[in-house]
Asker: 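Structure provided below as structure tokens; questions to follow.
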Amino acid sequence: MKKRFFLITTGTIGGLGAVLAVTPPQFGGAGGLAATDQGSTPAPKKSTAPSATATAQPSATKSSNPKPSQSAPATNNQSTPTPDTTPTPTPTPKPQNAGVKTVIGDPFEADEGRRSWGTVRVKVTFTDGAITSITGIQSPTSRGQMAFNQLDPYIEAQKINTATIKSKNANALPYVSGASYTCIAYWDSLKTAIEKAGF
């Protein structure tokens with residue numbers, strides 16, 4: 001009987017040892033350390049749940065004062081000069097060879113055909129293209145001076161201009177009765193003076 005008890009006891013202890021060898025007991029509560037074969041602490045597993053200590057990031061919200069997406073180009077303090085749009089007055093063109101000129105016309109015969117009343121010529125002063133002074137000369141002196149006394153002031157008063165004198169024949173221009181041939185020679189001489197002056 002002792003032998004049988006010994007065998008049962010030995011078998012039970014051996015079976016218990018075999019069970020303990022396969023699954024070693026864990027001591028302590030949930031907070032205790034679990035023994036491993038190497039005696040080291042097992043590496044913690046990576047958690048997929050968010051950490052309780054993680055700082056919450058603020059959600060992106062629209063600002064009530066949005067910034068412009070593109071800043072305006074920088075401007076300097078210098079103002080751009082405005083072009084002057086005031087029209088420049090066009091100067092009145094002066095006649096060719098403007099200024100003061102004194103010219104003596106060519107001599108012309110106051111010829112009646114049967115009789116010559118002498119040679120007539122004029123001395124003319126032009127100012128900016130206009131006749132401002134004229135003197136008729138006749139040689140030998142005759143009653144032609146009566147014509148000069150009327151024609152010289154008439155022309156100086158600019159009752160007739162150079163364009164009109166150039167465009168008409170001498171015998172179609174004004175004359176003084178009683179000295180018509182002298183007047184024609186006077187106008188012919190004046191025409192050459194205008195031409196010499198370049199008008």
Side-chain angles (χ1 to χ4, degrees), residues 60-199:
T61 58
K62 269 191 176 179
S63 171
S64 60
N65 296 321
K67 291 183 181 178
S69 60
Q70 186 174 352
S71 61
T75 57
N76 56 17
N77 292 333
Q78 295 178 349
S79 61
T80 305
T82 305
D84 186 11
T85 56
T86 306
T88 305
T90 306
T92 305
K94 290 186 176 181
Q96 185 182 7
N97 300 325
V100 178
K101 287 184 178 182
T102 300
V103 181
I104 296 175
D106 293 344
F108 282 84
E109 291 289 326
D111 192 357
E112 188 184 358
R114 291 178 300 167
R115 182 177 173 180
S116 176
W117 301 98
T119 303
V120 178
R121 67 191 322 172
V122 295
K123 181 180 179 183
V124 189
T125 300
F126 297 92
T127 304
D128 294 335
I131 299 170
T132 53
S133 176
I134 186 168
T135 305
I137 306 161
Q138 189 173 25
S139 181
T141 302
S142 70
R143 57 184 182 163
Q145 189 60 47
M146 177 181 65
F148 303 150
N149 290 342
Q150 292 187 47
L151 292 177
D152 290 349
Y154 173 79
I155 295 169
E156 287 175 357
Q158 299 186 12
K159 302 258 176 115
I160 191 168
N161 58 35
T162 56
T164 303
I165 296 166
K166 286 165 61 177
S167 67
K168 294 184 180 257
N169 289 327
N171 58 1
L173 290 164
Y175 67 95
V176 176
S177 180
S180 56
Y181 292 102
T182 298
C183 290
I184 291 171
Y186 178 97
W187 291 114
D188 280 333
S189 182
L190 178 52
K191 281 173 170 284
T192 62
I194 293 170
E195 188 178 349
K196 284 180 182 180
F199 299 113

Asker: Rounded to the nearest 0.5 Å, how far does CD of Glu156 lie from CG of Leu151?
Answerer: 11.0 Å

Asker: Closest heavy-atom contact between Lys101 and Ala197?
Answerer: NZ-O, 3.2 Å

Asker: Judged by atom type as modelled, is there a donor-acceptor pair below 3.5 Å linking the side chain of Asp188 to the main-chain atoms of Phe108?
Answerer: no

Asker: Under 3.5 Å, side chain of Ser167 to main-chain N/O of Thr164, donor-acceptor pair present?
Answerer: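 Pair found, side chain donor or acceptor close to backbone of Thr164.
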
Asker: Nearest 0.5 Å, what's the CD1-CZ distance between Ile194 and Phe199?
Answerer: 9.5 Å

Asker: Evaluate the side-chain proximity of Thr182 to Tyr175: yes if any heavy-atom separation is below 4.5 Å, no if none is.
Answerer: no

Asker: Looking at side-chain heavy atoms only, is the closest gap between Ile104 and Val122 below 4.5 Å?
Answerer: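 SC-SC contact between Ile104 and Val122 ruled out.
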
Asker: Which pair of non-hydrogen atoms, one from Ala130 and one from Gln158, has the smallest distance, and what is that distance?
Answerer: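 That would be CB-NE2, 3.6 Å.
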
Asker: Check whether the side chains of Tyr186 and Asp152 place a donor and an acceptor atom closer than 3.5 Å, and report yes or no.
Answerer: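 Yes, a side-chain donor-acceptor pair sits under 3.5 Å.
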
Asker: If we ignore angles and hydrogens, is there a donor and acceptor under 3.5 Å between the side chains of Gln138 and Thr119?
Answerer: no

Asker: For Ile165 and Leu190: C-alpha separation, side-chain torsions, deciding distance, then whether side chain to side chain contact (heavy atoms under 4.5 Å, CB included) applies.
Answerer: CA-CA 8 Å; Ile165 296 166; Leu190 178 52; 3.8 Å; yes

Asker: Which pairs count as side chain to side chain donor-acceptor pair (under 3.5 Å) when at least one residue sits in residues 189-199, sequence neighbours excluded?
Answerer: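 As it turns out, the side chain to side chain donor-acceptor pair (under 3.5 Å) pairs with a partner in residues 189-199, which skip direct neighbours, are Asp106-Lys196.
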
Asker: Do Asn169 side-chain atoms and Asn171 backbone N/O form a donor-acceptor pair below 3.5 Å?
Answerer: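 Checking the backbone N and O of Asn171 against the side chain of Asn169, no donor-acceptor pair under 3.5 Å is found.
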
Asker: Among Val124, Asn161, Ile160, which residue satisfies the side chain to side chain contact (heavy atoms under 4.5 Å, CB included) criterion with Ile131?
Answerer: Val124

Asker: Whether the Thr125 and Thr102 side chains hold a donor-acceptor pair (N or O, under 3.5 Å, no angle test) is what I'd like checked.
Answerer: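 Result is yes, a qualifying pair exists.
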
Asker: Nearest 0.5 Å please: distance from the OG atom of Ser180 over to the CH2 atom of Trp117.
Answerer: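 Rounded to the nearest 0.5 Å, the OG-CH2 separation comes out at 10.0 Å.
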
Asker: Which pair of heavy atoms, one from Ala179 and one from Ala147, lies closest together, and at what distance?
Answerer: CB-CB, 3.9 Å

Asker: To the nearest 0.5 Å, what is the distance between CH2 (Trp187) and CD1 (Ile155)?
Answerer: 3.5 Å

